[in-house]
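Both backbone and side-chain heavy atoms feed into the values below; hydrogens, waters and symmetry mates do not.
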Amino acid sequence: MAGKISLMQLLKVTVSLVVLLLIAIPAFSQIKKGQKLFEKGRYSEAIKPLRKSFSNENSFEAGILLAKSYYKIQEYQEAYDVISVIGEENLRTADNRRFYADVLIANDDFSGAYVSLVELISENQADEKSFLWLDKVSDLLAWDTLTTKSTVQTVQGINSFYNEYAPYFDASGDLWFVSDLTTVQTVFPNSYNNQSLHLYYRTKLQKGDGSQVRKPSWAMEKRDYYYHDGPITKWPAEDSYVLTLRDIDAPVDGLIGLYFSKLTGTEEDIVPFKYNEKYNTGHATFMNDGTRMIFASDRPGGFGQMDLWYSDWKDGTWSPPVNMGPNINTPFNELFPTFNDTRLYFSSDRRDKGYGGLDIYFSSNLFGFKEIENLRAPINGPYDDFSLTFINSENGYFTSNRKNGEGGDDIYLFSHKPEQKNVEKTTLKILNASLPPNTAIEIYDSYGDLVQSTAINRDGEIIAENLKSREIYTLKVPDVKLPESALLGIMTRNGHVYSKFNQS
């Protein structure tokens with residue numbers, strides 16, 4: 001009879017639905033499993049269930065999480081391949097389109113990222129972040145056309161299959177770094193814990209250019225405490241060192257702290273920073289002859305995850321930490337600060353600038369750390385680039401986990417020589433001192449050569465012509481003895497011009 005379903009047909013329909021449900025439930029379960037692992041930051045573990053779900057069901061939800069998991073562990077080609085299967089046309093939200101731009105950037109396709117973001121904005125789907133991302137890509141395109149005269153090369157004699165990172169070049173000629181090639185059982189043979197220990201090693205330069213070092217030796221090897229080491233740096237104010245350490249008994253993700261030491265090897269010589277408290281606190285550097293310590297911490301009052309803070313050494317004690325503010329800090333991580341000459345170098349994984357991962361930035365103290373600049377390629381790239389130290393004014397070492405290394409994190413030698421530009425006109429003023437018009441002024445370059453003789457005008461200004469950016473100049477006032485408080489001149493910036501002026 002038409003319209004009726006036989007018992008056999010009903011059973012077949014029921015069986016089919018059960019089979020479909022049995023197939024769908026495991027696939028749905030795999031997505032949820034992968035999503036939970038992703039949200040916990042366990043990206044490598046999330047890949048297997050997400051890949052299984054994406055392969056079986058071609059699920060968009062599984063695919064986008066899979067691509068983001070690959071991106072998080074810096075498997076950038078795999079992330080691109082997954083999105084290629086998903087199809088760019090299916091990335092309909094602004095967040096996913098920005099993510100796609102990041103994937104293209106990580107694969108050196110800056111122009112593709114630019115076109116994708118322009119299309120997003122033209123479709124009226126963009127939000128404020130999308131314009132920030134467009135600015136970021138515009139910077140990358142501009143940087144790609146400008147030479148920095150910077151070079152990067154591997155260092156012979158220091159890198160291995162394991163992690164080598166946090167280099168620090170001491171004024172005595174020692175190159176310190178941290179490596180995890182040693183296990184707990186190496187130090188304590190009866191231990192059942194085979195976890196890696198992050199320990200200090202020390203070496204000397206084999207070649208004058210720093211490209212080859214002697215065989216490193218384990219530093220402070222007689223310790224039986226505080227083995228999980230981090231960056232080390234000299235504290236010039238007290239002829240001591242400050243170490244970043246984690247207790248031997250602490251879990252792998254236990255808190256780090258700052259400790260002061262003369263490196264005698266005794267436990268009594270390890271003195272904790274009074275503001276370690278119950279927060280991660282580490283990665284110290286010093287300015288103002290060692291009376292100001294800048295460090296990274298996730299303590300309350302910051303702008304995001306790890307921020308840069310400072311504390312001043314006054315009357316034999318450290319002042320309460322002060323956050324360095326939103327010009328430096330972001331909702332993301334700011335880590336591994338290094339102060340050299342007048343510049344603060346640090347690493348950040350901020351999303352609105354740079355190539356991706358951790359990039360190295362710098363900011364000038366001459367202008368109150370108000371602007372930050374990216375060191376650009378070849379020093380920075382889509383992988384993690386961090387922890388920089390200087391041998392001299394232009395050369396030094398940094399850490400990167402880029403693909404062509406020996407293991408995980410490796411140490412590289414860099415030469416940073418920013419291109420100089422001619423500045424047609426520069427306006428200077430003498431601070432805290434009143435000089436009459438027509439007072440003679442002489443300007444000398446870093447070689448001590450006189451580059452210009454001029455005079456103070458009626459407005460109390462010095463007009464200098466045809467100086468170069470990124471040069472160190474000295475101002476001399478031949479006929480006047482200026483007080484020390486009359487500090488240098490302030491340079492008005494034409495574009496991004498950073499030139500230092502000393503007083504003599």
### Message
Using a 6.0 Å distance limit plus a 45 degree cone around the ring axis, check whether K68 lies over the aromatic ring of F38.
### Response
no
### D209 and S211: side chain donor to acceptor below 3.5 Å
yes
### Message
I'd like to check W143 versus N374 (side-chain heavy atoms, cut-off strictly below 4.5 Å). Are they in contact?
### Response
yes
### Query
Please walk me through it: do F414 and L375 pass side-chain contact (heavy atoms from CB on, under 4.5 Å)?
CA-CA 11 Å; F414 74 88; L375 276 185; 6.0 Å; no
### Query
Hey, is R97 close enough to E123 for a salt bridge, meaning N to O under 4.0 Å?
yes
### Query
Roughly how far, to the nearest 0.5 Å, is the CD1 atom of I294 from the CZ atom of F369?
5.0 Å
### Query
Less than 4.0 Å between a side-chain N and a carboxylate O, is that true for K234 and D239?
yes
### Task
Please report the closest heavy-atom contact between N280 and I256, naming both atoms and the distance.
OD1-N, 3.0 Å
### Message
Any donor-acceptor pair under 3.5 Å linking the side-chain atoms of T281 with those of E277?
### Response
no
### Task
For residues P320 and S311, determine if any side-chain heavy atom of one lies less than 4.5 Å from a side-chain heavy atom of the other.
no
### Message
Tell me whether the count of non-hydrogen atoms from other residues, nucleotides or ligands lying under 6.0 Å of CD in E128 goes above 12.
### Response
no
### Task
Drop me the distance from N159's CG to F177's CZ, to the nearest 0.5 angstrom.
8.0 Å
## Note on the structure
With Y114 as partner, the option from L140, L104, L134 fulfilling side chain to side chain contact (heavy atoms under 4.5 Å, CB included) is L134
### Message
Can you classify the ring geometry of W176 versus Y241 as parallel (below 30°), tilted (30 to 60°) or perpendicular (above 60°)?
### Response
tilted
### Message
Less than 4.5 Å apart, side chain to side chain, heavy atoms only: is that true for Y70 and I47?
### Response
yes
### Query
Does any N or O in the side chain of N392 come within less than 3.5 Å of the main-chain N or O of N395, such that one atom is a donor and the other an acceptor?
yes
### Residue from W235, W313, F273 passing side chain to side chain contact (heavy atoms under 4.5 Å, CB included) with M293
F273
### Query
Does a donor on one side chain sit under 3.5 Å from an acceptor on the other, for T244 and H283?
no
### Task
Look at the side chain of S84 and the backbone N and O of Y80, then say whether any donor-acceptor pair between them is shorter than 3.5 Å.
yes
### Query
For Y162, does the OH atom sit with more than 12 other heavy atoms under 6.0 Å from it, leaving out its own atoms?
no
### Query
Do other residues, nucleotides or ligands put more than 12 heavy atoms under 6.0 Å from D289 CG?
no
### Query
Rounded to the nearest 0.5 Å, how far apart are CG of L467 and CD1 of I443?
5.5 Å
### Message
Other residues, nucleotides and ligands only: do more than 12 of their heavy atoms fall within 6.0 Å of NZ on K129?
### Response
no
### Message
Given 3.5 Å as the limit, does a donor-acceptor pair link the side chain of Y76 with the main chain of P382, or not?
### Response
yes
### Query
Any side-chain heavy atom of F398 within less than 4.5 Å of one from S387?
no
### Query
Is it true that K403 and E75 make a salt bridge, defined as a side-chain N closer than 4.0 Å to a carboxylate O?
yes
### Task
Evaluate side-chain contact (heavy atoms from CB on, under 4.5 Å) for L181 paired with F161, printing each intermediate quantity in order.
CA-CA 8 Å; L181 63 87; F161 173 78; over 6 Å; no
### Message
Looking at every heavy atom in both I105 and Y355, which two are closest together, and how far apart are they?
### Response
CG2-O, 3.5 Å
### Test log, rule salt bridge (Lys or Arg N to Asp or Glu O under 4.0 Å), inputs D144 and R376
CA-CA 9 Å; D144 207 33; R376 295 161 46 187; over 6 Å; no
### Message
Checking the side chain of S453 only, and the main-chain atoms of E442 only, is there a donor and an acceptor separated by less than 3.5 Å?
### Response
no
### W309 versus N329, side-chain donor and acceptor atoms under 3.5 Å
no
### Query
Strictly by modelled atom types, are S415 and E394 linked by a side-chain donor-acceptor pair under 3.5 Å?
no
### Query
In terms of side-chain heavy atoms, does N96 have a donor or acceptor partner in T93 at a distance below 3.5 Å?
yes
### Minimum heavy-atom distance F390-L388, with the two atoms named
CE1-CD2, 3.0 Å
### Task
Flag the pair E78 / I73 as yes when at least one side-chain heavy-atom distance between them is below 4.5 Å, and no otherwise.
no
### Query
Ion pair present between D352 and K136, side-chain N to carboxylate O less than 4.0 angstrom?
no
### Message
Within the 4.5 Å heavy-atom criterion, are Y412 and N404 side-chain neighbours or not?
### Response
yes
### Task
Calculate, to the nearest 0.5 Å, the distance between atoms OG and OH belonging to S347 and Y361 respectively.
9.0 Å
### Stepwise salt bridge (Lys or Arg N to Asp or Glu O under 4.0 Å) check, D359 with K353
CA-CA 9 Å; D359 273 10; K353 290 182 181 289; over 6 Å; no
### Query
Do V213 and L175 come within less than 4.5 Å of each other through their side chains, counting heavy atoms only?
yes
### Task
Would you confirm whether T399, through its side chain, and A166, through its main-chain N or O, come within 3.5 Å as a donor-acceptor pair?
yes
### Message
Checking S400 against R402: is there a side-chain donor and acceptor pair closer than 3.5 Å?
### Response
yes
## Note on the structure
Of all heavy-atom pairs linking I441 and I456, the shortest is CG1-CG1, 4.0 Å
### Closest contact, heavy atoms only, Q74 versus N401
OE1-ND2, 2.8 Å
### Task
Look at the rings of Y165 and H198 and say which category their plane angle falls in: under 30° parallel, 30 to 60° tilted, over 60° perpendicular.
perpendicular
### Residues in side-chain hydrogen bond (donor to acceptor under 3.5 Å, both in side chains) contact with R98, at least two apart in sequence or another chain
D127, S130
### Query
Is the NZ or CZ atom of R299 both under 6.0 Å from the centre of the six-membered ring of Y279 and within 45° of that ring's axis?
no
### Task
State whether the side chain of N333 and the backbone N or O of D349 hold a donor-acceptor pair below 3.5 Å, judged by distance alone.
no
### Heavy-atom pair of closest approach, residues V155 and L413
CG2-N, 3.5 Å
### Message
Tell me if a side-chain donor or acceptor on D410 pairs with a main-chain N or O of E406 at a distance below 3.5 Å.
### Response
yes
### Query
For G173, does its backbone N or O pair with a side-chain atom of D170 as donor and acceptor, under 3.5 Å?
no
#### Entry: Inter-residue atom distance L258.CG - L245.CG, 0.5 Å rounding
8.5 Å
### Query
Would you say the side-chain atoms of S363 pair up with the backbone N or O of L344, donor to acceptor, closer than 3.5 Å?
no
### Query
In Å, rounded to the nearest 0.5 Å, how long is the span from CZ of F362 to CD of E373?
5.0 Å
### Message
Please evaluate residues W133 and D135 with respect to the criterion side-chain contact (heavy atoms from CB on, under 4.5 Å), reporting the C-alpha separation (whole Å), side-chain torsions for both, the decisive distance (0.1 Å), and the verdict.
### Response
CA-CA 5 Å; W133 257 242; D135 288 342; over 6 Å; no
### Query
So do the side chains of I379 and D385 get within less than 4.5 Å of each other, counting heavy atoms only?
no
### Side chain N323, main chain G325, donor-acceptor under 3.5 Å
yes
